[in-house]
Each structure stands twice: as structure tokens, then as C-alpha cells.
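We're numbering straight along the sequence, starting at 1. Keep in mind that the numbers below use all heavy atoms, side chains included, and drop hydrogens, waters and symmetry copies.
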Amino acid sequence: MGKDVIIACDFPSKEATFAFLDKFGDEKPFVKIGMELFYAEGPAIVRDIKRRGHKIFLDLKLHDIPNTVKKAMQVLSSLDVDMCNVHAAGTAAMMEAALEGLTRPDGTRPLLIAVTQLTSTDQERMERDLLIREPIDQVVMHYAATAAKAGLDGVVCSPLEAGKVHEVCGVGFLTVTPGVRFADGELGDQARVTTPARAKELGSDYIVVGRPITAADDPVAAYKRCMQEFTD
Ligand code: C5P
């Protein structure tokens with residue numbers, strides 16, 4: 001898989017999503033469907049967007065006992081998405097079960113990546129609420145290494161962590177990175193951000209971009225600018 005820009009379709013309904021995707025005409029960007037849209041519209045929204053010709057990252061961040069995750073992944077696998085994810089905190093056994101569930105009878109499967117520590121979790125919250133006392137960057141690298149050992153394809157992380165993840169887990173281990181903003185854009189609620197060009201330099205394999213594209217006056221132009229900065 002080559003480098004690509006994934007648009008976070010954080011919309012509340014099918015209508016809002018299609019109104020947005022219609023602007024792209026024959027261009028079919030890679031899109032991310034998260035909990036908001038999936039819970040609002042159900043699996044049909046995945047089939048509809050797939051039918052329109054888009055690649056899909058289904059961002060549902062599964063985290064449960066291994067057997068439950070395996071069964072859930074079997075269902076998601078039949079939806080024919082291109083990428084989906086789990087929380088690495090579910091342990092190696094859960095990630096291995098997820099891979100098993102995701103693998104179709106013919107041996108093919110979507111890419112499976114792991115969330116390490118959410119970017120909303122900082123050192124203080126991790127120590128206080130989770131009783132994890134190591135430095136957070138070490139925790140992220142340990143979760144990434146555990147995901148790699150379990151056979152996963154990559155992790156969701158900050159572009160700032162992409163180089164280290166590749167060092168620890170290998171260059172082929174994918175880094176899918178949100179927290180991307182244009183140099184002249186709004187930060188929103190993202191704190192540690194990089195531009196698409198910087199994310200490329202840092203070694204991100206995929207950037208996940210939401211509001212800089214979805215809330216732009218001209219979303220297609222914003223998408224093209226991202227693609228140009230990140231992939232050229
Ligand atoms: O609008 P924005 O570009 O901030 O969107 C980023 C997307 O990536 C959102 O869908 C957000 O939920 C997701 N995400 C994130 N940070 C993570 C994991 C996912 O921003 N650590």
C-alpha cells in the first residue's frame with residue numbers, strides 16, 4: 001500500500017456524508033468511518049460508501065474479550081472494508097483473536113491496526129487513572145511492539161512518533177497518523193499537530209485528516225492540497 005490521505009468523515013448522517021462525497025465527482029478518496037456515522041447509520045453506510053468506489057478505514061476501536069472481538073471482526077470482515085482497528089490495551093491475545101476473526105476463508109483480510117494510547121490521554125491521566133507509571137512514549141512503543149508481535153499491520157499514532165515506531169517495529173509496519181493541520185489552518189482541539197508535508201518527512205504512511213478538509217470552503221481543493229503535500 002502506498003502513502004495516502006484518509007478523510008475522516010465525521011458526519012452525523014448518511015445525507016451529510018453523501019452531500020460531502022458528491023463534491024468529489026469521479027475522484028474517490030480513501031475515507032474513514034468512525035463511531036458517530038457507523039452508530040447513526042449502521043453497516044449499510046459502509047456498503048453504500050464501498051459501492052461508490054471508496055476505500056474504507058472503519059475506525060471502531062474494538063476492545064473486549066478475545067472471543068467477542070474475534071466474532072465481531074468476522075462480521076466486519078464480511079463488510080469488505082480495507083482497514084479496521086482495535087485497542088492494543090486489549091492485549092496480544094485479543095489482537096491475535098481479532099486477526100483470526102478478520103481473516104476470510106480465502107486467506108485475505110483487511111489491514112488491522114492498533115490504537116496505542118489515545119492522544120487525549122496524557123502522562124498525568126495515564127498515571128492517575130490507569131496506574132501506568134512509565135513515560136508515555138515508552139508505553140506507546142511497547143504497545144506498538146506488542147501489536148507487531150501479534151501480527152498486526154500497524155498502529156494509529158502521532159506523526160511525531162512515526163519514525164520511532166518504524167525503528168522499533170520495522171519500516172513495513174504502518175503508521176496511520178491523525179493530528180494533521182495546514183501551516184495556515186486552525187488547530188481545533190488537536191494539540192500536537194504537523195502539516196501534511198512534515199508528516200511525510202517524519203515517515204507517516206497514511207495521514208487521517210478531518211476538519212481541515214470537511215470544514216474547508218472548498219473541500220476538494222483542501223484534499224488536493226493535502227495529497228500534493230503528502231504524496232508528491
Ligand atoms: O478533524 P480532525 O482532523 O482533527 O480529525 C481527526 C480524526 O482522527 C478524527 O476522526 C479523530 O477521531 C481521529 N483520531 C484522532 N486522534 C487519535 C485517534 C483518532 O484525532 N489518536
Note: K50-D82 ion pair, threshold 4.0 Å (strictly below):
yes
State plainly whether one hydrophobic cluster holds both F173 and V86, where clusters connect Ile, Leu, Val, Met, Phe, Trp and Tyr through side-chain heavy atoms under 4.5 angstrom apart.
no
Say whether, by atom type as modelled, one donor and one acceptor occur between the side chain of T121 and the main chain of M126 under 3.5 angstrom.
no
If you group Ile, Leu, Val, Met, Phe, Trp and Tyr whenever their side-chain heavy atoms sit less than 4.5 Å apart, what else falls in with L131?
none
Report the C-alpha distance between K28 and D22 in whole Å, list the side-chain angles of each, state the deciding distance to 0.1 Å, and finish with yes or no for salt bridge (Lys or Arg N to Asp or Glu O under 4.0 Å).
CA-CA 10 Å; K28 303 291 176 187; D22 283 345; over 6 Å; no
Greater than 12 external heavy atoms within 6.0 Å of D217's CG:
no
Just one of R104, K55, R51 clears the salt bridge (charged side-chain N to carboxylate O under 4.0 Å, His left out) bar with D80, so which one?
R104
Under 3.5 Å, side chain of T17 to main-chain N/O of S13, donor-acceptor pair present?
yes
Side-chain (T116) to main-chain (V140) donor-acceptor, under 3.5 angstrom
no
Quick one: does any side-chain atom of H87 pair with a main-chain N or O of H63 as donor and acceptor, under 3.5 Å?
no
For S204 and I207, indicate whether the former's side chain and the latter's backbone hold a donor-acceptor pair under 3.5 Å.
no
Are F57 and F30 close enough that their ring centers fall under 6.0 Å?
no
Taking transitive links into account, so neighbours of neighbours count too, which hydrophobic residues share a cluster with L202 at under 4.5 Å side-chain distance?
L160
I'd like to know if the side chain of E127 and the backbone of I132 have a donor-acceptor N/O pair within less than 3.5 Å.
no
Search all heavy atoms of T195 against all heavy atoms of A183 and return the closest pair with its distance.
CG2-N, 3.7 Å
Same cluster (ILVMFWY, side-chain, under 4.5 Å), V75 and F38
no
Any side-chain heavy atom of R47 sitting closer than 4.5 Å to one from P43?
yes
Test item: K3 side-chain N/O and F230 main-chain N/O as donor-acceptor pair under 3.5 Å:
no
One thing to verify: whether E201 and R198 come together as a salt bridge, which I'm taking to mean a side-chain N less than 4.0 angstrom from a carboxylate O.
yes
Backbone N/O of K61 and side chain of N85: donor-acceptor pair under 3.5 Å:
yes
When hydrophobic residues are tied together by side-chain contacts of less than 4.5 Å, even through go-betweens, does I56 share a cluster with Y223?
yes
Closer than 3.5 angstrom, by distance alone: can the side chain of E161 be matched with the main-chain N or O of S158 as a donor-acceptor pair?
yes
Within a 6.0 Å radius of atom CZ on R128, are there more than 12 heavy atoms belonging to other residues, nucleotides or ligands?
yes
N/O donor-acceptor pair under 3.5 Å between E134 side chain and V139 backbone
no
Are D64 and K71 ion-paired here, with the side-chain N under 4.0 Å from a carboxylate O?
no
Which heavy atom of C226 sits nearest a heavy atom of F182, and at what distance?
SG-CZ, 3.6 Å
